[in-house]
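Down below is the structure, laid out as structure tokens.
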Amino acid sequence: MTEWILFVQLFVGLLLIPGEDASCAIELTPPRVVVKYGDPVSVKCTTSAEEFDGLGWEASEGGTGLKEERYVMLTVQSVAEWDNNPMCFITSGTNQCSTRLGLVIYTFPENISISSSIESSEEMRENEEYILTCSILNIAPVQNLTVRWYQGNQIIYSENLTNSTKKPTNQTSIFRFTPTRQDDRTTIRTLHGLQVKCEAELNLGPEGPQPPPLMTSDPFTLSVHYKPRINTTKLPELVPVISGYKEELVCEADGNPAPTVAWNYTATAFLGSNGMLTVNEEGTYICIANNSLAIVKHEIKVILTEDYLPLLAGFVALTVVAISIIFIFIYSIYYKNTKMRRYNLKNPKLSIHNGNVAHNGWDIQLPVTKLS
Ligand SMILES: *[C@@H]1O[C@H](CO)[C@@H](O)[C@H](O)[C@H]1NC(C)=O
Ligand SMILES: *[C@@H]1O[C@H](CO)[C@@H](O)[C@H](O)[C@H]1NC(C)=O
Ligand SMILES: *[C@@H]1O[C@H](CO)[C@@H](O)[C@H](O)[C@H]1NC(C)=O
Ligand SMILES: *[C@@H]1O[C@H](CO)[C@@H](O)[C@H](O)[C@H]1NC(C)=O
Ligand SMILES: *[C@@H]1O[C@H](CO)[C@@H](O)[C@H](O)[C@H]1NC(C)=O
Ligand SMILES: *[C@@H]1O[C@H](CO)[C@@H](O)[C@H](O)[C@H]1NC(C)=O
Ligand SMILES: *[C@@H]1O[C@H](CO)[C@@H](O)[C@H](O)[C@H]1NC(C)=O
Ligand SMILES: *[C@@H]1O[C@H](CO)[C@@H](O)[C@H](O)[C@H]1NC(C)=O
């Protein structure tokens, strides 16, 4: 029974404690304010209550005493307090209630910059993880800050920072980056290197500055080092060379730093100034691509194959000669026959006898048989 009474007393006590109350006959215009640190603020607190003793603002900056007015103004010429939490109070006898102003004080970062976990970007190697840090100096409030990382124009990472502090702080966004050799070429095609940027956007909603303020770091250029890789599409392992002919071997290697390309061979070959090797002997030729990270080798076997072209040409020539002889032979017979026929056609008797001859000029056999 005593517990029950205690509970009721506690409940009544809670009701009597002055606090924020939505049913307070107070109206704030505007109810939410987003202001830049150093800028002025002006908020009106009005009551619709018929009877009250006093109305006033309680604030660490711009507070007023209780006044017997229909409205009171919270006025700050230049916001200088980060932890200001203004509330408008109304008192009536022993009753008091209040409404809190939604006040957001912001400041834009002084500076935003990228740093890397390694001393010099020269050290960065493909397929190894590096930590890039975006430092945002002097930002408030943090909870509405979005940090985006860009590689060229592409977003590679983004995060929303969460920190409930209202005061300006230095914030960092960490991006774990594992470069690949492709990355090295993404932004600058002719030079080796890639550029990353980080960007901080402070989005404070419709009451905040529009468009949301944005600050971008200077581009941070990275150089990704990688082992030489010999282009084997241009250089198969087995190269057949027709004996008596030459073949050009092109060894191209991709790497950063740019590799030096050399050939190792025992056969005699001609090495051009551009690294192109002209070979006409069977043997093993090794292309060696070398940079500060690795030495890469690619072995090529050159084999000689017989040249069937002269043989083929001879065969063709022989065939042509044979056909020519046959043709000449046939023609000579035909020519002889035509002469004969021309002579025979003068004989009308034969013409009547063999009607075929007149329109079958091509048949060389027919007149021969008829004549015999
Ligand atoms: C601020 O940014 C500039 C480049 O925008 C940079 O040179 C300078 O070091 C930065 N200052 C600090 C304190 O980080
Ligand atoms: C950050 O917050 C915005 C909205 O406030 C949301 O659209 C976005 O997806 C968030 N980004 C991340 C990385 O959480
Ligand atoms: C907010 O940021 C400050 C400064 O960076 C730091 O000291 C504090 O621990 C952070 N608070 C939370 C909750 O992360
Ligand atoms: C933020 O960093 C700057 C430069 O490093 C420093 O001068 C300043 O005191 C830092 N601010 C806070 C709140 O830690
Ligand atoms: C800003 O942060 C606060 C606290 O996390 C959140 O309530 C509010 O919706 C955020 N505003 C925007 C526009 O994201
Ligand atoms: C290798 O050479 C071929 C032919 O020129 C080219 O198409 C290909 O892109 C090259 N590959 C690399 C990895 O450079
Ligand atoms: C060249 O080849 C010979 C024989 O295979 C070998 O002894 C030598 O070490 C090679 N040189 C290089 C630079 O690889
Ligand atoms: C690798 O290249 C360097 C020049 O870049 C050269 O001095 C060195 O002898 C080469 N090493 C081999 C093993 O070919």
Side-chain angles (χ1 to χ4, degrees), residues 32 34 102 104 106 126-127 132 134 136 139-151 154-164 171-177 179-186 188-192 196-215 224-237 239 247-269 271 274-277 279 281-302:
R32 193 168 180 262
V34 176
V104 176
Y106 72 92
E126 67 170 334
N127 305 327
L132 298 178
C134 178
I136 304 147
I139 176 83
V142 177
Q143 65 261 43
N144 296 96
L145 188 71
T146 301
V147 181
R148 283 184 284 264
W149 287 81
Y150 287 89
Q151 181 173 334
Q154 288 235 301
I155 296 176
I156 46 175
Y157 177 62
S158 84
E159 70 172 321
N160 292 330
L161 296 182
T162 51
N163 187 314
S164 57
Q171 296 291 324
T172 56
S173 168
I174 290 177
F175 175 50
R176 291 174 186 278
F177 180 56
T180 64
R181 63 176 63 212
Q182 284 78 31
D183 282 324
D184 198 55
R185 299 265 174 127
T186 333
I188 313 166
R189 295 218 174 267
T190 49
L191 294 167
H192 284 289
V196 290
K197 281 185 294 191
C198 74
E199 179 184 87
E201 188 188 272
L202 194 58
N203 192 345
L204 299 165
E207 298 94 349
Q210 297 299 332
L214 205 74
M215 197 172 196
V224 184
H225 282 191
Y226 52 92
K227 294 173 187 171
R229 191 170 52 185
I230 294 169
N231 190 342
T232 50
T233 52
K234 283 184 176 173
L235 211 55
E237 278 170 28
V239 177
E247 188 66 46
E248 283 168 343
L249 303 181
V250 181
C251 184
E252 273 183 8
D254 182 35
N256 189 20
T260 53
V261 173
W263 286 97
N264 189 10
Y265 51 90
T266 49
T268 52
L271 182 62
N274 53 355
M276 189 187 278
L277 192 70
V279 298
E281 274 183 32
E282 210 159 57
T284 302
Y285 299 79
I286 304 163
C287 172
I288 304 160
N290 157 16
N291 74 5
S292 55
L293 301 191
I295 299 170
V296 176
K297 293 180 182 179
H298 182 68
E299 203 175 283
I300 299 110
K301 281 205 156 46
V302 170

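We count ligands from 1, going down the list as the structure has it; atoms in each ligand are counted the same way. Note that this is a predicted model, so its numbers are computed, not measured.
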Looking at Lys301 and Glu237, does any basic side-chain N land under 4.0 Å from a carboxylate oxygen? no

What is the ring orientation for Tyr157 with Phe175, classed by angle as parallel under 30°, tilted 30 to 60°, or perpendicular over 60°? parallel

N/O separation below 3.5 Å, Asn231 to ligand 6: yes

Among Ile288, Asn231, Ile230, Ile286, which residue satisfies the side chain to side chain contact (heavy atoms under 4.5 Å, CB included) criterion with His298? Ile230

My question is simple, although I want it checked carefully: is atom 11 (N) of ligand 2 less than 4.0 angstrom from any protein heavy atom? yes

Under 4.0 Å from one or more heavy atoms of Thr233, ligand 6 contributes atoms 1 (C), 2 (O), 3 (C)

If you count the atoms of ligand 7 from 1 in the order shown, which ones are under 4.0 Å from a heavy atom of Ile288? 12 (C), 13 (C), 14 (O)

Any protein heavy atom nearer than 4.0 Å to atom 5 (O) of ligand 2: no

Does any non-hydrogen side-chain atom of Ile156 lie less than 4.5 Å from one of Tyr150? no

Which segment of Ile286 sits under 4.0 Å of ligand 7 when only heavy atoms are counted: neither

Would you say Asn160 has any N or O atom under 3.5 Å from an N or O of ligand 2, going by distance alone? yes

Less than 4.5 Å apart, any side-chain heavy atom of Pro257 and any of His225? yes

Can you check which of Thr284, Asn264, Ile295 brings a heavy atom nearest to atom 8 (C) of ligand 7? Asn264

Right, does atom 2 (O) of ligand 2 have protein non-hydrogen atoms nearer than 4.0 Å? yes

To check you understand the geometry: which heavy-atom pair defines the closest contact between Pro141 and Val104, and what is its length? CG-CG1, 3.9 Å

Distance-minimising heavy-atom pair for Val302 and Glu281: CG1-O, 3.5 Å

So, for atom 14 (O) of ligand 6, does the protein have a heavy atom nearer than 4.0 Å? yes

